[in-house]
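For reference, the structure discussed in these notes is given below.
Note that these values count all heavy atoms, side chains included, but never hydrogens, waters or copies made by symmetry.
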Amino acid sequence: MNNTAPAPRKRPFLTVARKQNLAGWFFLAPAALLIFYFSFYPMFRAFLNSLMTGRPTALAYSDPLIRNYQFMVKDKVFIQSVTNTLTYLIIQVPIMLILAVIFATLLNNRDLKFRGLFRTCIFLPCATGLVAYSMIFRTLFTYDGMINAVLLKLGFIKEAINWLNDPTTAKAVIIIGLIWRWTGYNMIFYLSAMQGIDYSIYEAARIDGANQAQQLLKITIPLLKPIILVTAIMSTNGTLQLFDESVNLTNGGPANATITMSHYIYNTMFRKNPNFGYAAAMSFVILIMVAVLAAIQMKVGDKR
């Protein structure tokens, strides 16, 4: 009688789990390679270029390597552009997000008539061409434009305001334009998130005596916190890279009073004695600012 135990069967090298992993990587590889080539490689290339100086066709490493960064600290126009961009960020983003939450709350009311029309009207500015809306705003806010005419007619001002030629009012015009254009875009995110909130929660709150403001503060905003964090990060990143409004509304003027970092990078790279190395250094600074502010917002907003 043979008491020898049967030899254990060898597990195949390609198990079901490994096949599934390989299939996943097979489908992810093309997208991952494209993301690396079009996103991460340009970041690395920009960092190398930020250490170079010279003509665009004959770049060479500067001596010292951080020469562009040293010059950046002394560049008054760059410092002005950073100050302007942070001003837009601090004022415009909170106002825009608060308005977006309020509009989304009002338009999420089932009893409101013509909700679709109101939603479309608020979202339409986002679909307007950048150049077209900039030209309209320039026309509205000119010295003899409609804004001054209306304010004079209503008695709010005694004489016309030169909106686009005064540093303070020119910044205000850009902020108004940004709020007008992007509030509806963020409102759509909040409306979509509100569809997942059970309407019976609001009905129960009304029965308990909660008014609209209490429902907004105690129910809506806490439940929308993840999407609010996402829109805050997106809005911050977009504002730090602001370009179109500075170029088309005020052209950075008067005297660089409204110029943004991206606008100054464009001028440095393509106009007035192009300097690719210095422009790359400024671009890398924007990348660092975006990453740091996004990390801070994630740390503060996401308690998980």
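In this structure, a donor-acceptor pair under 3.5 Å is absent between the side chains of Tyr88 and Thr258. Donor-acceptor pairing under 3.5 Å is lacking for the side chains of Asn165 and Tyr143. Side chain to side chain, Tyr69 and Ser50 meet the donor-acceptor criterion of an N or O pair below 3.5 Å. For the residue pair Asn211 / Gln215, no side-chain donor-acceptor distance below 3.5 Å is found, with atom types taken as modelled.
Every pair passing side-chain hydrogen bond (donor to acceptor under 3.5 Å, both in side chains) that includes a residue from residues 94-109 is listed here, sequence neighbours excluded: Asn108-Gln195.
In plain terms, the two heavy atoms of Leu217 and Ile221 that are nearest each other are CD2-CD1, 4.0 Å. Taking all atoms of both residues into account, the shortest heavy-atom contact from Gly177 to Phe137 is CA-CE2, 3.6 Å. Closest of all the heavy-atom pairs between Gln297 and Ala232 is NE2-O, 3.6 Å. Minimum interatomic distance between Tyr278 and Met72 (heavy atoms only, all atoms of both residues): OH-CA, 3.4 Å. Closest approach of Thr53 to Ser62, counting heavy atoms only: CG2-CB, 3.8 Å. Looking at every heavy atom in both residues, Ala193 comes nearest to Ile227 through CB-CG2, 4.0 Å.
Side-chain contact between Leu293 and Leu89 is present, with at least one heavy-atom pair separated by less than 4.5 Å. The closest side-chain heavy-atom distance from Leu112 to Leu106 is not below 4.5 Å. No side-chain heavy atom of Glu245 sits less than 4.5 Å from a side-chain heavy atom of Val173. Within the 4.5 Å cutoff, no side-chain heavy atoms of Pro274 are placed close to those of Met269. Contact annotation: the side chain of Ser235 approaches that of Leu97 to within less than 4.5 Å [non-hydrogen atoms, C-beta and beyond]. Looking only at side-chain heavy atoms (C-beta outward), Tyr190 and Thr231 come within less than 4.5 Å of each other. Between Phe78 and Val285 there is a side-chain heavy-atom pair separated by less than 4.5 Å. Looking at heavy atoms from C-beta onward, Arg181 lies in side-chain contact with Leu130 at the 4.5 angstrom threshold.
Both Phe141 and Val150 belong to a common hydrophobic cluster when Ile, Leu, Val, Met, Phe, Trp and Tyr are linked at side-chain heavy-atom distances under 4.5 angstrom. Hydrophobic clustering (side-chain heavy atoms under 4.5 Å, transitive across Ile, Leu, Val, Met, Phe, Trp, Tyr) groups Leu48 together with Met282. Each of Ile102 and Met187 belongs to its own hydrophobic cluster when Ile, Leu, Val, Met, Phe, Trp and Tyr are linked at side-chain heavy-atom distances under 4.5 angstrom. Taking hydrophobic clusters as Ile, Leu, Val, Met, Phe, Trp and Tyr residues chained together by side-chain heavy-atom distances below 4.5 Å, Leu140 does not share a cluster with Leu124. Residues Met135 and Leu178 fall into different hydrophobic clusters, defined by Ile, Leu, Val, Met, Phe, Trp and Tyr side chains chained together at heavy-atom separations under 4.5 Å.
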Exercise. Evaluate side-chain contact (heavy atoms from CB on, under 4.5 Å) for Leu86 paired with Met289, printing each intermediate quantity in order.
Key: CA-CA 11 Å; Leu86 293 178; Met289 292 176 65; 4.0 Å; yes
Exercise. Report the C-alpha distance between Thr220 and Tyr202 in whole Å, list the side-chain angles of each, state the deciding distance to 0.1 Å, and finish with yes or no for side chain to side chain donor-acceptor pair (under 3.5 Å).
Key: CA-CA 9 Å; Thr220 305; Tyr202 293 102; 2.8 Å; yes
Quiz item: Hey, mind stepping through Phe243 and Tyr266 against ring-ring contact (aromatic ring centres under 6.0 Å, His included) and telling me if it holds?
Solution: CA-CA 9 Å; Phe243 175 77; Tyr266 170 79; 5.5 Å; yes
Self-check item: Stepwise ring-ring contact (aromatic ring centres under 6.0 Å, His included) test for Phe123 and Tyr185
Solution: CA-CA 6 Å; Phe123 180 75; Tyr185 176 81; 7.2 Å; no
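Between the side chain of Ser200 and the backbone N or O of Glu203 there is no donor-acceptor pair closer than 3.5 Å. In this structure, the side chain of Asp198 does not engage the main chain of Ile201 through any donor-acceptor pair within 3.5 Å. Asn68 contributes a side-chain N or O that, together with a main-chain N or O of Met52, makes up a donor-acceptor pair within less than 3.5 Å. Not one N or O on the side chain of Ser134 forms a donor-acceptor pair closer than 3.5 Å with the backbone of Asn248. No side-chain donor-acceptor contact under 3.5 Å links Ser39 to the backbone of Phe36. With hydrogens and angles ignored, the 3.5 Å screen pairs no side-chain donor or acceptor of Asp166 with any backbone N or O of Asn162. Under the 3.5 Å distance criterion, the side-chain polar atoms of Asn84 are matched with a main-chain donor or acceptor of Ala257.
The aromatic rings of Phe276 and Phe270 sit perpendicular, their planes meeting at an angle over 60°, well past the 30° parallel limit.
Atom-to-atom distance recorded for Tyr133:OH and Thr128:OG1 is 9.5 Å, nearest 0.5 angstrom. Summarising the geometry, atom OG1 belonging to Thr183 is positioned 12.0 Å from atom CD1 belonging to Ile188; distances are rounded to the nearest 0.5 Å. A distance of 13.0 Å separates CD1 of Ile91 from CE of Met96, quoted to the nearest 0.5 Å. In this structure, CG in Asp244 is found 10.5 Å from NE2 in His263, a value given to the nearest 0.5 Å. One distance of note links OG1 of Thr260 with CD1 of Ile265; it measures 8.5 Å at 0.5 Å rounding. Distance OG1/Thr250 to CD1/Ile259: 8.5 Å, rounded to 0.5 Å.
The side chain to side chain contact (heavy atoms under 4.5 Å, CB included) with Thr236 is formed by just one residue from the set Leu240, Ile233, Thr239; it is Leu240.
Few gaps surround CE on Met43; more than 12 heavy atoms of other groups in view lie less than 6.0 Å from it. Within a 6.0 Å sphere centred on CZ of Arg119, heavy atoms belonging to other residues, nucleotides or ligands number more than 12.
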